[in-house]
Chemist: 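Structure provided below as structure tokens; questions to follow.
Here is how names work: the chains are called A, B, and so on, in the same order as the sequence lines, proteins then strands, and each is numbered from 1.
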Amino acid sequence: MQDLEIVGQVIAGDIANILVREKSGKKLELGDLLVAEEGDSRLLILKVYGLVYGSQVPQLAREMASGLKLEGLGAGLDYFEPHLRNYVIAEVKAIAQVINNKARIPKSLPTFFSAIRHIKKEDLAFLTKPDNPIFFGNVRSGSKVLDVPVFLNGSDVFTHHVLIPATTGRGKSNLVKVLLWNALGSGGKFGILVLDPHDEYYGRHGKGLKDHPSAKQDLVYFSTTPVKAANTLVINLQSIKPWYFDGIVRFTDAQNDAIDQYYNAFNDTWIENVIRDTPLPNGVTIAPRTLGVLRRKFDSVLGIYLDDADQLQCRSKIFSDNSGETTMQDIINSLEAGKIVVIDTSRLLDQAELLIGSIIVGDIFSRYQKYKSDGRLNDKPVISIVIEEAPRVLGTNVLESSGDNIYNTIAREGRKFKVGLTAITQLTSVIPKTVLTNINTKIILGNEMSVERRAVMDSASQDLSDEDRTIASLDKGEAIISSSFVKFAIPIQIPLIDEIIAEDNEPQNSPKRRVVG
Amino acid sequence: MLPDLTRITADLIRDLDEKINELALGEPHFSNVLRKYPFKKENFRPVLQERAIEGHTTSKLAFIDGGNGEILGAPNFSIQFNRICYCLFKGKERIQKSKDTIDRIEFLSCTYSSFRNKEIYYDTITYPLSSTFQNLLPSESDLSFDSSDRSIMDGRERADIRRVASIARRFAEWSFAAYVAQKELEKSDAIVMDGTLHAAFTHESAYAKKLYEATTEAGITVTGVAKTSRLFTDTGLSLIGAVQKFAEDCKLAFGSWYLPIAEVADMDHQAMIFVTKLNQQAKHVFRYEIQRDQHNALTLKEIDNIFFMLAENSRDITFAGYPFGCAVADSYGRVSEHDLEYYRALVMGEAGKQGNWPKFSRHIQSVDAHEILNSLVGL
Amino acid sequence: MVYKFAHLSDCHIGAWRDTTLKEMNIKAFEMVFDRCMEEKVDFIIIAGDFFESNMPDLESVQRATEKLRQVKDAGITTYIIYGSHDYSATKLSMIHILESAGLFRKVMEPQTLDNNRITLTVFTDIKTGAKITGMSGRALSLEKTYFEMLDHESFAELDGFKIFVFHSAINELRPKDLAHATSMPLSLLPPGFSYYAGGHVHSRSENKYGNGLIVYPGCIFGTDARDLEHTARKEKRGFYIVEFDTQVKKLKFIEMSPCEIISKTIDADKKTASQVQSALDQYASGIAANGKVILIRLQGTLSAGKPSDIDTNPAKELLKKNGSITVNISKFGLATQEVTKIAVMGETKEQIEEKLFKQRLAAFKLDPSIKDLKVRSFVSKLLIGDGGTTLAKDLVSVLRDDQKDNESKVIFEERIVGDALAKLKVDELE
């Protein structure tokens, strides 16, 4: 190690709290990655998670000295050798041991009095590009960004679920955009369904996924108010099966019974027939009150009603009895073809949004279950479902009051069928621990709420118990990836989507097209 | 009935106030001096700024200090760990030592009593921790003392062995100072010893003399800073306190100053004694000595320059008016209980191995009784 | 003043090898045009695929020309766009010839605005003042790219009654059975027209789009067994007559049917080949076939025997004898349990074979010189994806069979070739 590189020296501590005296002027930062070289191509990677002052001067003397200065009596007096006598002690922890370019969990302390330096690109040579790579960002040491890209195997990551916990303003939306942007460039390896309640990912009013070079082939956008070349989000009532309401709309036993009767009698047209009050065959009758309540529920959730001319109408125009027959199949086929499907749900009521999600997710899941039993699953791309405000479907209270739903099922069993969730939330703490532990990869952004940080840390794949302050201090775009697919919780800097878009869209002259016919 | 403590303490303070009569500061009291300087306002000399000193040279100050501590001790022997260090400053800036200069010497010493010629003798053997120190340690013949040697006696009592055991370190400081002077200093630089220049012990003045000779030849000045002083005025006041009072009374126009007190020209103490206040903010004044012959050979400007350098080094905000180099050398030289534990373990381990621990421990127990008592009362 | 026009599409004149069906198809077209003259429509819009190919057989062309001429003489203008079948980028097309002869007015005339944008010339019908423009269909839905380039703004200022003619399936509007066909999103249609005259989709539908209507009349007769099955299942065939002034006043569907069609699916699931054989024969003997087109589909996985074990000829003969004008019996939906068993067998050579087949098939590309869409779709259905692997394995298992002891060489060859052809389902292509 060259003298110039040295930023500190190990002076004390224990395995969970190694103390490093900072070399004066080196300004170590919370979250900095440091290295203690152990010889023979062995090194320990350390992370700073605390900084405290150290001084050779007793407290009283320091107070007096400060008083002299503050009160203007200290003219001509100085701190002699201030860098020697007053300094910073960094509390660090070994997060990885690297031996011959292979990382493992550290089990020893760095050599006493080891010189410490900042991490370098070469130290992280073990971070190689896996199969099915998805780029998350560059390794970050404190607030310094290294020229070391972090790729994870998208198939592993997506099937084992992803959690993005963050509060507003910490770069959540940028992260999701970047993630989707990078998945778009993967050549159809990942089918990703994005339920977008803020209509922020496609780029309707500015830059967005639509600007990706592969967008034309691999991005599908559905909206109730489509822009040119986008698809209209219209779903035929016949696509809706009774069980799609599970966990989203609550029905009484009597209502469920009525639904079963209508579904058995009319199959795909059951909703229309409930609304039209068609009598059931074989003399079966349903209490008019029950049907009345059902009709009102369909009106409030689906916006479906009969107009004066006895025509079925839908307030939101999402549900229809004569169009959108293939919308569900289109969406699912696109996913299965490894495309990214963004669904603008910004004009939908909460329950309608969840219902649509439930329909698509339920369909794709059962399709993949079938592929598995047919032995064809290996040929299919991995599916991930991006769900915002995940507690709406995965929250403890929802699961307790409305019972299991498809999202919960996928959280539990999805990985067997190559279907995973990408759950975004401000409130990790209201998601049950059983669900959280099933979510393997967590891309942790800054969070000022300690309860939320605690919930994330407690369910992470790495021991993050010392990262509390670090997580609290993560700035916009700064994140920590914790996953069983990484050797240690990697701090990363997520690039800005606008910069990526500019980079990937270098102007080029497209060949002139001849239009004939 | 409970004693009336308020009254008792009030009486005490009133009496003390009466006895310490600052109306008559008196003059410095010396039993044996060449020349005494009476307290006179015009004797105060300001510590000048460098630009005020004609022909000023920025010179180096080498601070020497050491410490020792007992590893094992009994009335009849004392094993000590000794350390002597130095540091080098030019004004407030620390100067890196040359590569091949030893920055410290460390050695173990064993002082023991023996009976010969019907007298109790104290003899000391030194064990340098590195062979490079060997030449800097005092010769063992110089470390053999008759227990009735006045220089080691405590009044009429036979000297405590620990006092004798520290002499080796004291001698080595002189040798080390000479070594540092030779290695690191040049003309018009100065050495600052910890304490006075009084070579009190038998054989000590020979070591001091070697230092004086070597430095005089090289144009280097030997000085010493005493943190404490036992000097008095002839009215029974503490000299340091009296000078402080006098300085205040004089309402001096300058914040830092030095005041000559006496010129001493004993065999074992050859010094020009000053009291100095090295910074306006200083709470303390110090006794400062310059080797007498060297002092007498210096011009006033050169003396001004020495005080200037010392004052420059005393501007540290945590201890204004005290030379920072002294503090650094002290912290380097200080022997900690931690150091002692380490060597104690080694020594005891070795004694156990050689099978003579029971013998040593019998003697140690006689001192230990005190510690046992302390532990009984929970101290 | 209220005018009216006829909107039809997908005549596919020249389709069908079966001469009876070919005749029925042309007859349907003639009935439509005759009706248009009867109704005295002001103009006719044909939304693509007037002909089955760019250069159909001359006999069919002659019949079509005759009708077009009659219509023209009656003072009715026919507006047309190309469909996915009757345009050729490299060769001359009959539409082009007939347009040159003044029998049509083609309404797609693209203009380039810049590198990425085009607009379309808007034609005004002199008699009615209706404004008409359109986008032709192209094979493999290439027109989608043109739609993406189409500048919607350029039509914003148009007033009056505006018709947009197109030949494309729309995602949001296509029926379930077209879920796998290429189509485009609704949002690519330029907004603001009063009437969108659609073609390409063979079933009928009417939908609102903004203040206008998107109307597909569907094909007039149909071009394959599936179309006819739909007809048999009460899908109405015919065309629209639209009355309008500044907007649509009345939309009327005119049903046309040159003959009756009967369609039947025989469930073969979990039945043996001989059970299916007797079910087929029994059905054939039980229906009144006189003057009807009869379509029979055998569907399901046989529990024993192979599709080739079922002989469809006796049923065909019987139905023809009973007066059916044409009979089609399809075995396309048949599978056999025996084949599937091979696919799931152990780890040995079959698995290796399967892997090899998969690898080879992955590299397979359809010869671009094959232009016929039906052939293309047949071949790709047969070879691309899992179907190809199954076919290859079936063929191998057929060809692997040894000559039996008492079998002459000629009989053996006949048997092997017959079985192999059955696996290739060549009879389905007819």
Chemist: Checking C:Lys106 against chain A: side chain, backbone, both or neither under 4.5 Å from a heavy atom?
Modeler: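 For C:Lys106, the contact with chain A is made by the side chain alone.
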Chemist: Counting C-beta onward and ignoring hydrogens, is there a side-chain heavy-atom pair between A:Thr326 and C:Leu178 closer than 4.5 Å?
Modeler: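 Answer no - side chains too far apart.
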Chemist: The criterion is ring-ring contact (aromatic ring centres under 6.0 Å, His included); which residues satisfy it with C:Phe50, sequence neighbours excluded?
Modeler: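 Applying ring-ring contact (aromatic ring centres under 6.0 Å, His included) to C:Phe50 gives C:Phe29, C:Phe104.
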Chemist: Strictly less than 4.5 Å between heavy atoms, which residues of residues 217-230 of chain A line up against chain C? Please order them by number.
Modeler: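 A:Pro226, A:Val227, A:Lys228, A:Ala229, A:Ala230 fall under the 4.5 Å cut-off.
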Chemist: Are more than 12 heavy atoms, taken from residues, nucleotides or ligands other than C:His96, located less than 6.0 Å from that residue's NE2 atom?
Modeler: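 Counting other residues, nucleotides and ligands, NE2 of C:His96 stays at 12 neighbours or fewer.
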Chemist: Is any residue of residues 359-382 of chain A within less than 4.5 Å of chain C by heavy atoms, and which ones?
Modeler: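 Those residues of residues 359-382 of chain A which have a heavy atom under 4.5 Å from chain C are A:Arg376, A:Asp379.
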Chemist: On a heavy-atom basis, which atom in A:Asn231 and which in C:Ser187 lie closest, and how many Å separate them?
Modeler: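 Between these two residues, the closest heavy atoms are N-OG, 4.4 Å.
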Chemist: Answer yes or no: does atom CZ of A:Arg204 have more than 12 heavy-atom neighbours from other residues, nucleotides or ligands under 6.0 Å?
Modeler: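 Yes.
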Chemist: Using the rule given for side chain to side chain donor-acceptor pair (under 3.5 Å), can you reason through A:Ser323 versus C:Glu172, listing the C-alpha separation, both sets of side-chain angles and the distance that settles it, and then say yes or no?
Modeler: CA-CA 6 Å; A:Ser323 57; C:Glu172 289 87 340; over 6 Å; no
Chemist: For chain A, which of C:Glu143, C:His152, C:Arg138 has the most heavy-atom pairs under 4.5 Å?
Modeler: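 Ranked by heavy-atom pairs under 4.5 Å with chain A, first place is C:His152.
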Chemist: Counting heavy-atom pairs closer than 4.5 Å to chain C, which one of A:Ile235, A:Thr327, A:Asn236, A:Asn333 comes out on top?
Modeler: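 Heavy-atom pairs under 4.5 Å are most numerous for A:Asn333.
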Chemist: Check whether any side-chain heavy atom of A:Gln329 sits under 4.5 Å from a side-chain heavy atom of C:Asn171, and report yes or no.
Modeler: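 Side-chain contact under 4.5 Å: no.
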Chemist: A:Asp330: what forms a salt bridge (Lys or Arg N to Asp or Glu O under 4.0 Å) with it, not counting sequence neighbours?
Modeler: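 Only C:Arg174 meet the salt bridge (Lys or Arg N to Asp or Glu O under 4.0 Å) criterion with A:Asp330.
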Chemist: Which bit of A:Asn322 is near chain C, if near means a heavy-atom gap under 4.5 Å: side chain, backbone, both or neither?
Modeler: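 Both backbone and side chain.
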Chemist: With only heavy atoms counted, which part of C:Glu206 is less than 4.5 Å from chain A, the side chain, the backbone, both or neither?
Modeler: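 Backbone only.
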